[in-house]
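Just so you know, ligand 1 is whichever comes first in the structure, and atom 1 is the first atom listed for that ligand. Sequential numbering from 1 along the given sequence is applied to the chain's residues.
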Amino acid sequence: MANDTTITHVRVTPIAFRDGPLLNAAGIHEPWALRAIVEIETSDGRLGISETYGDEPMLKILAQATPHLIGLSPFALNEMEQRVRATVKAIPGAIEFELAPGSHAAKNAPKVISTFEVGMLDLQGQIVGAPVVDLLGGAVRKAVPYSAYLFFKYAQHIDHPYAPDAWGEGISPEQIVAQARRMIDIYGFQSIKLKGGVFEPAHEVACMQALAKAFPGLPLRLDPNANWTLAASIAAAPALDEILEYYEDPTPGLEGMAELARHTKLPLATNMVITTMEDFRKGASMGSVKVLLSDHHYWGGLRITQTLARMAALWDLGMSMHSNSHLGISLMAMTHVAASIPNLTYACDTHYPWQEEEVIQGGRVAFDKGSVVVPTRPGLGVELDRGQLARLHDQYLSCGVRNRDDLAQMRKYDPAFSGKTPRFG
Ligand code: GKR
Ligand code: MG
């Protein structure tokens, strides 16, 4: 190999950052969202960075997998993948874990592979002097569009851990329109998604109708995270047919989605029923879903996301990206890969507007007309702010949250909340 740089050390730092009282099908977000920041050091003094889930099972698996990176070249992505697959399989009790809602349990090895791949691509970019997107074949767009991701929400968390956020309550159609207006004013987004599955479908449809009226011509999406029965999803279809660009995971299962597809003019989108290659095969043959929402964090990295995009093109599926609560390193990784995908047919999701804190130098990533400009600097194009990393790690140590649990958090507000899905219809 032309470059004899090797990986000498890997550091995983769990962090916690403030997150709003955002409602979803599983319950409500806790006051603290968790992530893990991974630093990969090399023999020539470079540092590659990556961001992933910070829940305890993920930290355990990372702790067991990281020693296997030592001695590898940052270019040895295939060997890294083989080593991770062998390690994760061999860990006794390495139980699969699910991050509620809409993520997928059978994903431990891909989650780790993705984490390491992003950090190693960051290193490769630094070594060759090219942005990550160039290592992925180059950018087909200069900026990646994201959509305004609205949530039903309370004005503040039940236990008042800190001052309420600036977004206020978001329950009524008027409040949801106001939330959209504020988000679009700040970020310039040119499409809107509402996280549903929280209230009766009629209320959520009324919110979408209010958004359609307030923002004529702007593409709209609704995502009830499979919390509507098939009957409720079919019943809502005629009203939504008139106003949505796609209908995201209203009802559970590939079969349910396939049946729903017979009753709506809308393309059905998913980050729930197609999350593995096996699902892809089934989904493609059933024709249940027309838009694939990928997520490099659990699909296994940036390169497999490109493979997925090619498969989507072959099967005539649209393509966009799913998101969970995240900070700027993840946003940059998403931006590099999304910039390399010709058939990115819809603006990507991002929770970024809900996060106020950061771990990267320079503070929060800027958006221009709802898009993030693809960095041209070597690697990911962002560096760690050590002071912020230490501060957010201290928050992790003191916040008490170790695993995301939207259901338990909801039961603090409503002890009878069952969390059983689908709840509506
Ligand atoms: O953060 O509440 C949330 C979302 O509901 C998230 O967990 C989902 O995975 O955004 C996601 C989705 O599109 O399904
Ligand atoms: Mg979704």
Side-chain angles (χ1 to χ4, degrees), residues 17-35 52-55 97-105 107 111 146-154 157 165 167 170 179 191-199 204 220-228 233 244-253 256-257 266-275 279 283 288-299 318-327 330-331 334 346-355 401 403-410 419 421-423:
F17 48 86
R18 290 194 293 275
D19 196 20
L22 309 180
L23 293 153
N24 62 25
I28 187 167
H29 285 207
E30 293 162 282
W32 303 98
L34 307 180
R35 296 295 267 177
T52 186
Y53 310 101
D55 297 66
F97 65 99
E98 186 158 15
L99 297 157
S103 61
H104 196 279
K107 290 283 185 183
K111 284 173 189 161
Y146 289 87
S147 70
Y149 196 155
L150 312 183
F151 275 83
F152 291 111
K153 70 182 288 288
Y154 297 145
H157 286 288
D165 64 32
W167 297 89
Q179 188 186 107
S191 58
I192 302 177
K193 161 170 172 165
L194 175 63
K195 170 59 56 181
V198 175
F199 297 111
E204 298 190 352
L220 302 178
R221 313 143 183 196
L222 173 64
D223 175 13
N225 271 132
N227 212 7
W228 294 3
S233 307
L244 296 192
E245 65 172 338
Y246 60 64
Y247 197 6
E248 180 176 339
D249 284 319
T251 203
M257 293 282 269
L266 293 170
L268 300 182
T270 192
N271 60 275
M272 295 181 79
V273 296
I274 299 185
T275 64
D279 294 339
S288 341
V289 166
K290 292 284 177 237
V291 183
L292 200 58
L293 306 175
S294 70
D295 184 328
H296 74 270
H297 300 91
Y298 64 72
W299 270 98
M319 177 95 184
S320 184
M321 283 190 197
H322 160 263
S323 137
N324 277 129
S325 306
H326 67 89
L327 298 181
S330 281
L331 183 63
M334 289 168 75
Y346 300 92
C348 302
D349 287 355
T350 180
H351 284 53
Y352 200 66
W354 296 107
Q355 266 65 73
V401 179
N403 292 293
R404 177 176 169 177
D405 193 345
D406 299 18
L407 172 61
Q409 182 68 9
M410 191 53 165
T421 62
R423 193 158 72 248

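- Here is the list of ligand 1 atoms found below 4.0 Å of a heavy atom in His29: 1 (O), 2 (O), 3 (C).
- Atoms CD and CG, on Glu204 and Leu194 in that order, are 6.5 Å from each other to the nearest 0.5 Å.
- Take Ser320 and apply the side chain to side chain donor-acceptor pair (under 3.5 Å) test, not counting sequence neighbours, and it matches no residue.
- Between the choices Trp354, Phe151, Tyr149, Tyr298, the shortest heavy-atom distance to atom 10 (O) of ligand 1 belongs to Tyr149.
- Phe152 contributes atom CZ, which lies 12.0 Å from atom CG of Leu22 (distance to the nearest 0.5 angstrom).
- Each of the following atoms of ligand 1 lies closer than 4.0 Å to a heavy atom of Asp223: 12 (C), 13 (O), 14 (O).
- Residue contacts with ligand 1 for Met272 are absent, since no atom lies close enough (heavy atoms, distance under 4.0 Å).
- Taking the side chain to side chain contact (heavy atoms under 4.5 Å, CB included) definition, one finds that Ala347 meets it with Pro145, Ser147, Ser191, Arg221, sequence neighbours left out.
- Among the atoms of Ser325, none of the N or O lies under 3.5 angstrom from an N or O of ligand 1.
- Residue Lys195 places at least one N or O, backbone or side chain, under 3.5 Å from an N or O of ligand 1.
- Here is the list of ligand 1 atoms found below 4.0 Å of a heavy atom in Glu248: 13 (O).
- Contact annotation for Arg404 and ligand 1: only side-chain heavy atoms (C-beta onward) come within less than 4.0 Å of the ligand.
- Heavy atoms of Lys193 found under 4.0 angstrom from ligand 1 belong exclusively to the side chain.
- Classified by interplanar angle (parallel below 30°, tilted 30° to 60°, perpendicular above 60°), the ring pair His29/His351 is parallel.
- Side-chain atoms of Lys111 and Tyr53 form no donor-acceptor pair, as typed in the model, at a separation below 3.5 Å.
- Remark: aromatic rings of Tyr246 and Tyr346 are close, center separation under 6.0 Å.
- With sequence neighbours left out, Ser325 forms a side chain to side chain donor-acceptor pair (under 3.5 Å) with Asp19.
- For the Mg ion (ligand 2), protein N/O/S neighbours under 2.8 Å (waters excluded) are Asp223 OD2, Glu248 OE2, Asn271 OD1.
- In summary, the side chains of Asn227 and Thr421 do not present any donor paired with an acceptor at a separation below 3.5 Å, with no hydrogens or angles considered.
- From Ser294, atom OG reaches atom CD1 of Ile274 across 12.0 Å, with rounding to the nearest 0.5 Å.
- Here Asn324 has side-chain heavy atoms under 4.0 Å from ligand 1, and that is the only part of it that gets that close.
- Near Asn225, the atoms of ligand 1 lying under 4.0 angstrom from a non-hydrogen atom of the residue are 5 (O), 12 (C), 14 (O).
- Side chain to side chain, His326 and Thr350 meet the donor-acceptor criterion of an N or O pair below 3.5 Å.
- Residues Asn24 and Asp406 have side chains that bring a donor and an acceptor to within less than 3.5 angstrom of each other.
- In Ser323, the part holding a heavy atom less than 4.0 Å from any atom of ligand 1 is the backbone.
- Near His322, the atoms of ligand 1 lying under 4.0 angstrom from a non-hydrogen atom of the residue are 8 (C), 9 (O), 10 (O), 11 (C), 12 (C), 13 (O), 14 (O).
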